A.B. asks: 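Following this message is one structure expressed as structure tokens.
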Amino acid sequence: MAAKGMSIINPSSEVESAYRKLQREFFDLKDQLAANRDQPAMTADGVKVELLANINNLSDARAAGAMGASGVGLYRHRILISHSPRCAERR
């Protein structure tokens, strides 16, 4: 729900259990990806591909590099600009 901008106040045990399962699955996938980060990026038929990261800031870029990304695919500069003092002055 948080990905959709929503929060659940006092979730039932069933809802909490479902979200804990999603959380475990997310971390399991992250661990699998980390374990494969040094493998060559290629399709099932052997075509090499370049893995690029979508980043918001330098921290994202560092994390992407640590996970094996070879470059930046999308740099969300609006987020950086919208948090600058000059932008706040214009509001």
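Source: prediction; values computed, not measured. Atoms considered below: every heavy atom in the structure, side chains included; atoms not considered: hydrogens, waters and symmetry mates.
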A.B. asks: If I take atom OG from residue S13 and atom CD from residue E16, how far apart are they, to the nearest 0.5 angstrom?
C.D. replies: 8.0 Å
A.B. asks: To check you understand the geometry: which heavy-atom pair defines the closest contact between L52 and G73, and what is its length?
C.D. replies: CB-N, 3.5 Å
A.B. asks: For the CG atom on N10, are there more than 12 heavy atoms of other groups (residues, nucleotides or ligands in this structure) within a distance under 6.0 Å?
C.D. replies: no
A.B. asks: CG of N36 to CG of D38: how many Å apart, nearest 0.5 Å?
C.D. replies: 9.0 Å
A.B. asks: Within the structure provided, determine whether F26 and L29 are in side-chain contact (heavy-atom separation under 4.5 Å).
C.D. replies: no
A.B. asks: Pairs under 3.5 angstrom only: tabulate donor-acceptor contacts from the side chains of residues 59-67 to other protein residues two or more places apart or in another chain.
C.D. replies:
unit_1: D60; atom_1: OD2; unit_2: N56; atom_2: N; d: 2.8
unit_1: D60; atom_1: OD2; unit_2: N56; atom_2: ND2; d: 3.4

A.B. asks: Check for me, please, whether I8 and L22 land in the same ILVMFWY cluster - side-chain distances under 4.5 Å, paths through other members count.
C.D. replies: yes
A.B. asks: K48: what forms a salt bridge (charged side-chain N to carboxylate O under 4.0 Å, His left out) with it, not counting sequence neighbours?
C.D. replies: none
A.B. asks: How would you list, by chain and number, every residue that makes a salt bridge (charged side-chain N to carboxylate O under 4.0 Å, His left out) with E25, sequence neighbours excluded?
C.D. replies: K21
